[in-house]
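Just so it is clear: chains get the letters A, B, ... in the order the sequence lines come, proteins before strands, and each one is counted from 1.
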Amino acid sequence: MAIEKVFGTETEYGIAAAGADFNPVLSSSVLIATYAGSLRRIRWDYEQESPLRDARGFEPLQAREPSDEDLGLANVVLPNGARYYVDHAHPEYSTPECRSVRELVVHDKAGERILERSLEEVARSLPSTPKLSIYKNNSDGKGNSYGTHENYLVDRLTPFGDIVRDLTPFFVSRQVFTGAGKLGAEAQWDERGRSIYQLTQRADFFETEVGLETTLKRPIINTRDEPHADPDKYRRLHVIIGDANMCEVAQFLKIGTTALVLKMIEDALLPDLTLRSPVQALHTVSRDLTCTAAVPLADGRELTAVQLQWEYFEHARKYVEREDDQPENREVLERWEAALSGLETDPLSLHRELDWVAKYRLLEAYRVRDGLDWSDPKLRAIDLQYHDVRRDKGLYERLADSGKVERLTTDEEVERAIMEPPEDTRAYFRGRCIARFPDSIAAASWDSLIVDVGTDALQRIPMREPLRGTKAHVEELLAASEDAAALVARLQS
Amino acid sequence: MPEQEQKKIQKKGGGAGGDAGDAGQVKGSSKAAELKEEMDEILDEIDSVLEENAEEFVKSYVQKGGE
């Protein structure tokens, strides 16, 4: 029986500034530290990878002076349970763990608002800093890519080979609704350069089928095995092939359909749809705006991306009916079916739902009005500004503001998620502890909190079960604990 | 090839939904007028928010190091 899916996204945002001496690493750090501002800066706990993490129960740890690394680049845990930090040369936002797709859409949007607010804070408190801009996309158009990763909790017992076999054709074909659209080709073998528009930002950067890399020779299936949870029970599937979505429907579909497919993989219910050449198929699908190109399967059949998706959809429909009949799953099916029907009859009809269509529509209309060639730099500027997180400047935001794309969230929900964690995962415990006891949380990670209770030894609270530490589990405990020492004492008793 | 793709999709969009990029081809009907109005509105909006020196800016937009 499939395990319940818990998921989250990690987004590396593009960062730029006017001026030649711009340092993206330091600027990202300033951005995050400035946002953290009044929030106490909580160090991220890198010790989670040490052998200590396997110990059960509470471990007394030696108090120590912070190392240079600790004092380096900004890396904070927020009261909503998210992590906000510098990753290479980008500000990165990892949502808290969610178990509802809709809630993840809300938290992913809250990340955009946090980045926007960070820009405002920097402009206000450091007025001499060159004006920064932030983009939620995955490519600079010059051959450099940065990631939007998804994470899903998966049963450790599921053979990894099953995941590779059944998920690869799914990832290749889901591009038809997950793509954020891109003007230009960046794959070295594609000489068309600037004159094409394609479905996804990321397809150009994928060269292999399976592997551990995320920055070179990127694989369709990434094998990183850091569960951030009980490693005997769980795997965290680290998905690196998705685009950063602005459209809420696209984001909902990306997470919702993938979670359902993973459940069906765990229950061994899917047919073999192995592709003959997955990487080639990935590029073919991304370059086919009509969504009619067929790709060869290992068994000799040729199916389009939409037909492959129908295969997954039909199995999911039966699966939900028979085994997993929940309202949100029904909503995933409804939206999935509507998207596939639309893609089959007229892809451009999905301009309210899908990023690649919404952006294509802007570019094409602008191009026709001004008689521009597809390689015109102005169109590239429009492509980039679609992903600008500022609500008064970002072109996606302008579409959303005037009701031209479909929203699934309300501004109020997103605003709340900037400070409030999901209530039904361990993110609740993490976020609430940071909000309640900011001076006592010495460090935090996905699967533990390290608490300073005022004695020599720091106390580690393990959080190895993603579905424990929910509001239902710990609300009373937190309410009854006047400080962090009392909380630890209650947990130990 | 890219040009063919673009043409194909325009044709398809115009046929079924009277959609993107076809404002010029579907003048006449009231639906088309509405569509044109909507697209004009969007394009005006782009003009009003597009960064100054956008073309220069996009040329200098380079992101090294990720993931």
Requested in this report: Name the member of K64(B), E41(B), E45(B), E56(B) that forms the most heavy-atom pairs with chain A at distances under 4.5 Å.
Outcome: E45(B)
**Report entry** Test side-chain contact (heavy atoms from CB on, under 4.5 Å) applied to D47(B) and Y366(A), step by step
**Finding:** CA-CA 10 Å; D47(B) 285 330; Y366(A) 204 92; 2.6 Å; yes
**Report entry** Inter-residue atom distance L363(A).CG - I46(B).CD1, 0.5 Å rounding
**Finding:** 7.5 Å
Query - Donor-acceptor under 3.5 Å (Q63(B) side chain, I15(A) main chain) - result: yes
Query raised in the report: Are the charged groups of R361(A) and E38(B) less than 4.0 angstrom apart, N to O?
Result: yes
Query raised in the report: Tell me, side chain or backbone of T148(A) under 4.5 Å from chain B's heavy atoms, or both, or neither?
Result: neither
**Report entry** Proximity breakdown for R369(A) and chain B, heavy-atom pairs closer than 4.5 Å
**Finding:** side chain
**Report entry** Residue pair V62(B) / D140(A): nearest heavy atoms and the distance that separates them
**Finding:** CA-OD2, 3.4 Å
**Report entry** Contact leader toward chain B among H90(A), E92(A), Q198(A), where contacts are heavy-atom pairs under 4.5 Å
**Finding:** H90(A)
Query raised in the report: Below 4.5 Å, heavy atoms only, C-beta onward: do D392(A) and V49(B) meet side chain to side chain?
Result: no
Query - Main-chain N/O of A54(B) paired to K378(A) side chain as donor or acceptor, under 3.5 Å - result: no
Report task. Under 4.5 Å, counting heavy-atom pairs only, tell me which of A381(A), A16(A), S133(A) racks up the most with chain B. Result -> A381(A)
Requested in this report: To the nearest 0.5 angstrom, please state how far the CG atom of L395(A) sits from the CG atom of L50(B).
Outcome: 7.0 Å
Query raised in the report: For D401(A), is it the side chain, the backbone, both or neither that has a heavy atom under 4.5 Å from a heavy atom of chain B?
Result: neither
Query raised in the report: Crowded around E55(B) CD? As in, over 12 foreign heavy atoms under 6.0 Å?
Result: yes
Requested in this report: Could you look at Y61(B) and say if it's the side chain, the backbone, both or neither that has a heavy atom under 4.5 Å from chain A?
Outcome: both
